[in-house]
Amino acid sequence: MAQAGVVAFNIGAFVSTLFLLEFGADKFIAHTSIVAARTKISEVVIGLVTAGAEWEELAVVVGSLAQGRSSLALGNVVGASISNILGAFSLGLLFYGQGEVVEFDRSSRIYSLLVLVLTTSVTPIIYHSTAITWLTGGILLIATFAVYFLLIAVAIGRGVLTAPEDSDSDSDDDDNEANSVSSRTALLNDDTTTRQSQRRHGLGYHALYLLFGFLAICLAGYVLSQAATNITDALGMSDVLFSVVILAIATTLPEKFIAVMSGFRGHPGILVANCAGSNIFLLSLCCGIIMVGTRGDLDKGTMTITELSVLWLSTVAFTATVWFGGSYARWIGGAMLGSYVGFIILEFTVIHSV
């Protein structure tokens, strides 16, 4: 009876936190586009250091390692990386404006390629889990993340990457902000009120709400992951299976909400930043911490060649879509989502069948 009460409580916490997640994602998307327009910094860059930074995933990784559940931590990193592409990015493509061609800018292409290079480098190291390769690889990955984050900070400071569309002149800033935020929200908000509200508030106001939305997303992601962990512990499931599928889906719910809303509102830059930034964060900092902390000594098994192959192939599909597939985005999104469903079924029935 007590066990049933624990499961019921955590299910309730899981469901109720979804509302906080939706609220945070809505605030984040709306105010990110305004901050990007006013500062003339690419919304890709803004997204990389906010939604693209998987702080809730880092909390899960550190917590799992502290509890001696290293396989749970690694499975979450790999599973979340797959889910960000096949589960979140695909939804963003599917919800993009009906009949519109998705146009990805130069910044989006650069970061999609960076994700592919990183994934190609990391997957062999994960597969060959020896003390020397993991210690060396982990140190290099953490250093890579430090350099990456420094470069992003410099890009923000100097505005060296491409500015978002419709921000060519200072005199048009207010109109651009209104266009970037309300292009697809006419069904939800009165357009005139939205425009007037945007003109009334300064940059600090929008930056504060961007941060507020981001913190709400992080809090929701953490609560969701903890609730999912408690439910699975109570039901007695394999750590690897649970982390690659269930925990990964739970912790990437913020990315899925942001992806859907980014696509619906016509912000392909944020859509790419959400996916690319998340996977860079996961496969550099989070994976590096796991490798240094465990040195290949995992408690309950490592990733299979099938799971790592799915990770690499999905990244190839992501990069190819950003570079060449804008005209077929909705078809590609449907194929990606179908592949993710197939992968989940394969996990339960073949890869980790009991």
Side-chain angles (χ1 to χ4, degrees), residues 24-25 28-29 31-33 35-36 39 41-61 76-93 104-119 121-122 141-142 144-157 160-162 164 210-211 213-215 217-218 221 248 251-263 267-289 311 314-315 318-319 321-323:
F28 170 79
I29 293 296
H31 294 279
T32 292
S33 61
V35 171
T39 59
I41 296 173
S42 172
E43 61 185 19
V44 177
V45 178
I46 301 270
L48 285 170
V49 296
T50 49
E54 292 273 17
W55 304 112
E56 72 276 10
E57 298 283 2
L58 180 60
V60 172
V61 166
N76 183 45
V77 167
V78 174
S81 298
I82 295 172
S83 186
N84 282 334
I85 298 175
L86 299 183
F89 182 69
S90 64
L91 289 173
L93 296 179
F104 298 105
D105 62 11
R106 185 174 67 92
S107 298
S108 298
R109 293 190 178 95
I110 290 173
Y111 282 101
S112 68
L113 188 60
L114 180 59
V115 173
L116 179 58
V117 172
L118 178 61
T119 305
S121 303
V122 170
L141 287 174
I142 295 174
T144 298
F145 176 79
V147 173
Y148 156 78
F149 209 77
L150 177 62
L151 292 176
I152 293 298
V154 171
I156 290 178
V160 296
L161 296 184
T162 57
L210 187 157
L211 178 62
F214 171 61
L215 292 176
I217 291 171
C218 290
T251 55
T252 56
L253 280 175
E255 284 69 35
K256 292 178 177 64
F257 272 96
I258 292 175
V260 169
M261 297 172 72
S262 298
H267 296 295
I270 298 179
L271 176 60
V272 173
N274 179 48
C275 180
S278 295
N279 279 19
I280 291 173
F281 191 97
L282 286 167
L283 296 175
S284 57
L285 181 61
C286 293
C287 197
I289 290 174
L311 171 60
S314 63
T315 307
F318 166 69
T319 304
T321 301
V322 174
W323 278 80

Are a donor atom and an acceptor atom from the side chains of Ser81 and Asn84 found within less than 3.5 Å of each other?
-> no
Rounded to the nearest 0.5 angstrom, the SG-CG distance for Cys287 and Asn279 is 11.5 Å
Kindly compute the distance separating CG (Leu86) from CG (Leu311), expressed to the nearest 0.5 Å.
-> 9.0 Å
Tell me, with the steps shown, if Leu116 and Phe318 meet side chain to side chain contact (heavy atoms under 4.5 Å, CB included).
-> CA-CA 9 Å; Leu116 179 58; Phe318 166 69; over 6 Å; no
Got a second to check how far Thr315's OG1 is from Leu113's CG, nearest 0.5 Å?
-> 12.0 Å
Measure across Ala259 and Phe89 and return the closest heavy-atom pair with its distance rounded to 0.1 Å.
-> CB-N, 4.5 Å
Rounded distance (nearest 0.5 Å) linking atom CD1 of Ile280 with atom OH of Tyr111 = 7.0 Å
Considering all heavy atoms, the nearest Val322-Phe104 contact | O-CD1, 3.5 Å
Can you name the closest pair of heavy atoms from Gly269 and Ser108 and give their distance?
-> CA-OG, 4.0 Å
Give the C-alpha distance, both sets of side-chain angles, the deciding distance and a yes or no for side chain to side chain contact (heavy atoms under 4.5 Å, CB included) between Leu141 and Leu118.
-> CA-CA 9 Å; Leu141 287 174; Leu118 178 61; 4.0 Å; yes
In terms of heavy-atom contacts, Ala248 and Ala80 come closest through CB-N, 3.4 Å
Of all residues at least two apart in sequence or in a different chain, which pass the side-chain hydrogen bond (donor to acceptor under 3.5 Å, both in side chains) check with Ser83?
-> Thr252, Lys256, Tyr340
Stepwise side chain to side chain contact (heavy atoms under 4.5 Å, CB included) test for Asn274 and Ser262 | CA-CA 9 Å; Asn274 179 48; Ser262 298; 5.7 Å; no
Rounded to the nearest 0.5 angstrom, the CE-CD1 distance for Met261 and Ile270 is 10.0 Å
Can you name the closest pair of heavy atoms from Gly92 and Leu271 and give their distance?
-> CA-CD1, 3.8 Å
Taking all heavy atoms of Ile85 and all of Ser314, pick out the closest pair and write down the distance.
-> CG2-O, 3.4 Å
From SG (Cys275) to CD1 (Ile258), nearest 0.5 Å | 12.0 Å
